[in-house]
Amino acid sequence: MNDRILNLLKDSFVQILLPGLEMTVPLTVISFSLGLLIALGTALVQVANVKVVRQLARFYVWIFRGTPMLVQLYVVFYGLPKVGLILNAFPAAVVVFSLNTGAYASETIRAAILSVPVGQMEAGYCSGMTYMQTMRRIILPQAMRTAFPPLSNSLIGLVKDTSLASNITVVEMFLTAQRIASRTYEPFWMYLEVGFIYLIFCTALTYLQRWLEKKLERK
Amino acid sequence: MLDVEKVHKKFDGQEVLSGVSLHVDKGDVITILGPSGSGKTTLLRCISFLERADSGWMDFAGTGVDMHRAGKNQVLALRRRMGFVFQSYNLFANKTALKNVTEGLIVARGMNRKTAAEIAESCLQRVGMWEKRDSYPHQLSGGQQQRVAIARAIAGDPEVVLFDEPTSALDPELVGEVLQVMRSLARDGMTMLVVTHEMRFARQAANKVILIDGGRIVEEGRPQEFFVSPRTERARQFLDLLGRETEGGNAAQ
């Protein structure tokens, strides 16, 4: 490794990190938050056995778990304009990532809710509470503790998956690295570097997860 | 005060309750005995609407309701006037002992925090668990959990408390503390419907004993009569069997 490469890595580090903070992070945070809301709703209508809506929820999970995220991105960004629905690159990515997260996380949350013993719901009923009251105050808090590790997994997965958004012109970390690589003819070092930055992000999240898990446990 | 009439319940075509009727007066302590699978737990669960009876009628403190067709709000209103103690305690795992008691008062009955906390204090005092108010269920022994569960069941000032085998999940040395709490409730005039295998409790604390077998009430009466001179052959068999078990148990010790 010579000085030219060292300097290149130094300069590009900030050039890649910046879109990381400006694009990858907001894309992940927004999509994951929306995804969790969708997941919670999708899980609840299934657990509560709401007619028809439950079937719709199953259908949605089936579609989004069964097709590649890349294909979904292409359909939303390049396909939908042909039927009159034009989305900019960033919102298109948010739509796909949150629907995708929602589909996977809904299964996690559904399983976590079902893992809470039936007696907890019955005790809620016998304390005079309604289904929704017991769900909100007793069942979900317990389910969330169970769902936390697998949901953290999904979040870490999403950080890396946002690189797919480069395919629909979102200038996030990977696309930036790609551009620098083609400009400098240093694909090896540039892709290694961007991989390293993803690794930093995910490592930080792993520590955050451990810390939060400990906090949850203490209760 | 509580009348239950002709309750029928089938599980997968198998009849578990075939027309059980029950009359409870205010202040009654009724123990329901019977071999396992006789339907006694199902009866309690139908009364509290944890199971939906296939048919039956219930009169509870002036409110009449079809036990099969009762609507959501009717069920909710009825449940708020009952307490229920489960075999497996079912304390809210994510709440402290104190919160277990206040939760229903605040969330279901719309009470303010202060009033709820005062009621919870007196209920937890009554079961001797006030010192442990900040413990989570997993930090408590089975007997302690069940005592908190009893405090939770009486917190809403219920007109009747249903006990579903409250000591069956407990280690033998912990049974006593729970029975003691139940006896003191009985002395204080609480109306109680207790499914149990504890013959001593049935003998000493109850004013009425009901024997259920095969989904029917086969005998009911005052404990003195029931235990000393049962009228039916089935009751004699049941008591003989229990007597033999107890003797066997004593011999083994």
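In what follows, chains carry the letters A, B, and so on, assigned in the order in which the sequence lines appear, proteins first and then strands, with residues in each chain numbered from 1. Values below: all heavy atoms of this structure, side chains included; hydrogens, waters and symmetry mates excluded.
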Peer 1: What distance separates B:Asn94 CG from A:Arg145 CZ, expressed to the nearest 0.5 Å?
Peer 2: 7.0 Å
Peer 1: Please find the pair of heavy atoms, one from B:Ala108 and one from A:Gln133, that lie closest to each other, and give the distance.
Peer 2: CA-OE1, 4.2 Å
Peer 1: Go through the atoms of A:Thr130 and report whether side chain, backbone, both or neither lie under 4.5 Å from a heavy atom of chain B.
Peer 2: both
Peer 1: Within the supplied structure, the quantity of interest is the number of heavy atoms (other residues, nucleotides, ligands) at a distance under 6.0 Å from B:Lys99 NZ; does it exceed 12?
Peer 2: no
Peer 1: Below 4.5 Å, heavy-atom pairs only: which of B:Glu103, B:Arg81, B:Arg152, B:Lys72 has the largest tally toward chain A?
Peer 2: B:Glu103
Peer 1: Looking at A:Phe196, I want to see if its CZ is surrounded by more than 12 non-hydrogen atoms of other residues, nucleotides or ligands under 6.0 Å.
Peer 2: no
Peer 1: Should we count CG of B:Asp66 as having more than 12 external heavy atoms under 6.0 Å?
Peer 2: yes
Peer 1: Looking only at non-hydrogen atoms, find the nearest pair between A:Glu122 and B:Arg45 and report the distance.
Peer 2: OE2-NH2, 2.6 Å
Peer 1: Is there a donor-acceptor contact under 3.5 Å from the side chain of B:Arg79 to the main chain of A:Gly128?
Peer 2: no
Peer 1: Nearest 0.5 angstrom please: B:Asn90 CG to A:Ile138 CD1, how far?
Peer 2: 11.5 Å
Peer 1: Is there a side-chain contact (heavy atoms from CB on, under 4.5 Å) between B:Phe84 and A:Ser127? Walk through the geometry before answering.
Peer 2: CA-CA 8 Å; B:Phe84 199 99; A:Ser127 297; over 6 Å; no
Peer 1: Within a radius of less than 6.0 Å around NZ of B:Lys208, do more than 12 heavy atoms belonging to other residues, nucleotides or ligands occur?
Peer 2: yes
Peer 1: Around B:Gln139, counting heavy atoms of other residues, nucleotides and ligands shown, do more than 12 lie under 6.0 Å from its CD?
Peer 2: yes
Peer 1: What part of B:Leu91 gets within 4.5 angstrom of chain A, counting heavy atoms only: side chain, backbone, both, or neither?
Peer 2: backbone
Peer 1: Check B:Phe92 against A:Gln120 and note the closest heavy-atom contact, atom names and distance.
Peer 2: CA-OE1, 3.3 Å
